[in-house]
Number of protein chains: 2
Amino acid sequence: MATTRRQLPPRPETAARRREILAAALETFGAKGYNNGPLAEIAEQVGMTHAGILHHFGSKDRLLVEVLRYRDESDVEGIEGQHIPDGIELFRHLIRTAFANEQRPGIVQAYAVLSAESVTNANPGREYFEDRYRVLRGEVVAAFRAMCAERGLEEPAQVDRAAASILAVMDGLQVQWLLDPTQVELAETSAFAIEAIALQALDPRPSPFDQGS
Amino acid sequence: MATTRRQLPPRPETAARRREILAAALETFGAKGYNNGPLAEIAEQVGMTHAGILHHFGSKDRLLVEVLRYRDESDVEGIEGQHIPDGIELFRHLIRTAFANEQRPGIVQAYAVLSAESVTNANPGREYFEDRYRVLRGEVVAAFRAMCAERGLEEPAQVDRAAASILAVMDGLQVQWLLDPTQVELAETSAFAIEAIALQALDPRPSPFDQGS
DNA sequence: AGTAACTTACAATGCTGTCAGTAAGTAGCA
DNA sequence: TGCTACTTACTGACAGCATTGTAAGTTACT
């Protein structure tokens, strides 16, 4: 009754076509946000109709999720080989990323817009960003631990806070830089702040704000 | 030909009604973003139709601009008297603000969502956020200068970067905190990062990342 | 022969903004 | 004080557009 061949594998060019769509979607969502970025505009960029995109991805929500994963992959491929850098190398990697980001405002904007949009009600990207920040914070914490071990220091009390802070400055600076690139040096400022936070975590000094008039 | 009485002043209750609308709009835009937050939902909160809101504000764009200004005012009124704190007091004020923000996630979300959304194409809030960051950076820079003068230090090289970084961490931490409040302590972490950055600006130590394997 | 990769057409919805009308207030004046 | 003229503060209806998703059909691969 049931024939055996129920599903055919996708055609060879299809994977490339999907990647084209993902790149176009990243551009449109980056420029206009998820809610304000229509499928039709994405379709036009790749020479299709919006129905063609829905054929590949099923719904706009699922497209967003795949776009976010795609951005991750292309990031990892582009910047470094495969491995996750550890210890001091992770911090250097973050700073290099900030310098690389200065050359790709489109990606930066997509990331800034979509991450903030994800905190709104029932946004399909929310889970992705929750996971992403959790993973990244974990990597930074691990890097701190590795540095301490290497130097024979005990683990400082504030690693968790320092990890969150480092990711936070990078993101926050991106927004300010996108708003006015003439007023904010993205990379240099990121490097400065990452160093400041790492130093205070590894070798704390007393707060300058605590008491006194 | 032309009679003299051309425009009547608004009725006494009108100002209060407008404020109600602004508060409702802040809530809706905060929850759903500007593009995704319909006028009808705002209208419902204050017991009106969306046409009534357009009567008061003319267009959705102008409503957003007024919402942003309204948030500023209510912030200034609520937190402190009138004056802009200077020197060390500004930093203390920023940290207090971070603690206060932990009690008002709605406002924080509105701010995070709308500021990121403002970097998208032709967003009506963009100018507001450009100005706001410029002004805030200026205030932080002035506070650094005041602190240096008081202590007889010369102005450090990195004040501009430190100022941008401090605002950036605060914003970035808000996003992470909104995504998962169980994993990020907004206020304590903000305080830690602000101190770290201020210390490095006022009394720099060499970068731990510069050379060596 | 069957399915992937589309297109065209369309249904269904949601949104902003306009328009005409209504009730209620206010100003000017007898 | 009361009448008239005009304005504010709305409502309800609707035009007009944009947008997502579906369904049916076509082409071309395998």
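Bear in mind that the values here come from a model prediction, so they are computed numbers and not experimental data. Chain naming here is simple, since letters A, B, ... match the order of the sequence lines and numbering starts at 1 in each. Worth knowing before you read on, the calculation uses all heavy atoms, side chains too, and leaves out hydrogens, waters and symmetry mates.
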*Asks:* For the residue pair B:K32 and A:N35, establish whether any side-chain heavy-atom pair is separated by less than 4.5 Å.
*Replies:*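 Result no, sub-4.5 Å side-chain heavy-atom pair not found.
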*Asks:* Verify whether the ring centers belonging to B:Y128 and B:Y133 lie closer than 6.0 Å.
*Replies:*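 B:Y128 vs B:Y133: aromatic centres not under 6.0 Å.
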*Asks:* Hey, is the main chain of A:E117 close enough, under 3.5 Å, to the side chain of A:T120 for a donor-acceptor pair?
*Replies:*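 Side chain of A:T120 to backbone of A:E117: a pair is present.
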*Asks:* Specify the separation, in whole Å, of atom NE2 of B:H50 and atom C1' of D:dA13.
*Replies:*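 B:H50 atom NE2 is separated from D:dA13 atom C1' by 10 Å.
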*Asks:* Once you round it to whole Å, what is the distance between P of C:dA24 and CD of B:E13?
*Replies:*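 In whole Å, C:dA24 P lies 13 Å from B:E13 CD.
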*Asks:* Would you mind reporting whether A:W177 and A:V108 have side-chain heavy atoms less than 4.5 Å apart?
*Replies:*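 When only atoms from C-beta onward are counted, A:W177 and A:V108 do touch, with a gap below 4.5 Å.
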*Asks:* For B:M48 and D:dG12, what is the distance between atoms CE and C1' respectively, to the nearest whole Å?
*Replies:*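 About 15 Å, once rounded to whole Å.
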*Asks:* Within the pair B:T49 and D:dG12, is there a side-chain N or O less than 4.0 Å away from OP1 or OP2?
*Replies:*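 Answer no for this pair, as no side-chain N or O of B:T49 is under 4.0 Å from OP1 or OP2.
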*Asks:* Taking the side chain of B:L54 as heavy atoms from C-beta outward, which of D:dT11, D:dT22, C:dG17 is closest to it?
*Replies:*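 Ranking D:dT11, D:dT22, C:dG17 by closest atom to the B:L54 side chain puts C:dG17 first.
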*Asks:* Can you tell me the distance, in whole Å, between the NZ atom of A:K60 and the C1' atom of D:dT22?
*Replies:*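 These atoms are roughly 17 Å apart.
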*Asks:* Closest approach to the side chain of A:A51, judged atom by atom: which nucleotide of C:dG17, D:dT22, D:dT11 is it?
*Replies:*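 In terms of side-chain proximity for A:A51, the closest of C:dG17, D:dT22, D:dT11 is D:dT22.
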*Asks:* Looking at A:E20 and A:R17, is any side-chain nitrogen of the basic one under 4.0 Å from a carboxylate oxygen of the acidic one?
*Replies:*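 Salt bridge between A:R17 and A:E20, a charged N being under 4.0 Å from a carboxylate O: yes.
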*Asks:* Under 4.0 Å: is that the gap between some side-chain N or O of B:R18 and OP1 or OP2 of D:dA9?
*Replies:*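 B:R18 to D:dA9 OP1/OP2: no side-chain N or O under 4.0 Å.
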*Asks:* Nearest-Å distance, CD1 (B:I53) to P (C:dG17)?
*Replies:*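 It is 12 Å, rounded to the nearest whole Å.
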*Asks:* Toward the 5' end of DNA chain C, which comes first, A:H55 or B:D61, by nearest nucleotide?
*Replies:*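 With A:H55 and B:D61 compared, the 5'-side residue is A:H55.
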*Asks:* Separation of A:R62 atom CZ from D:dT20 atom P, in whole Å?
*Replies:*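 Distance check: A:R62 CZ to D:dT20 P gives 15 Å.
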*Asks:* Just the rounded figure in Å: distance from P of C:dG14 to CG of B:N35.
*Replies:*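 Answer to the nearest Å: 17 Å.
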*Asks:* Just to be sure I understand the rule, does A:H56 reach a base, reach only the sugar-phosphate, or reach nothing, if contact means heavy atoms closer than 4.0 Å?
*Replies:*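 Here A:H56 touches the backbone only, sparing every base.
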*Asks:* Could you please name the option among C:dT16, D:dC10, C:dG17 that lies closest to any side-chain atom of B:P38?
*Replies:*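 Nucleotide nearest to B:P38's side chain: C:dT16.
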*Asks:* For a quick check of understanding: with a heavy-atom distance under 4.0 Å over all strands, which category does B:L39 fall into, base, sugar-phosphate or nothing?
*Replies:*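 Sugar-phosphate: the residue B:L39, judged by heavy atoms under 4.0 Å, touches backbone atoms but no base.
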*Asks:* Find the distance B:I21:CD1 to D:dA9:P and express it as a whole number of Å.
*Replies:*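 One finds 10 Å between P of D:dA9 and CD1 of B:I21, rounded.
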*Asks:* For a quick test of reading the model: is some side-chain N or O of B:R17 closer than 4.0 Å to OP1 or OP2 of D:dT8?
*Replies:*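 For B:R17, the contact criterion (side-chain N or O under 4.0 Å from OP1 or OP2 of D:dT8) is not met.
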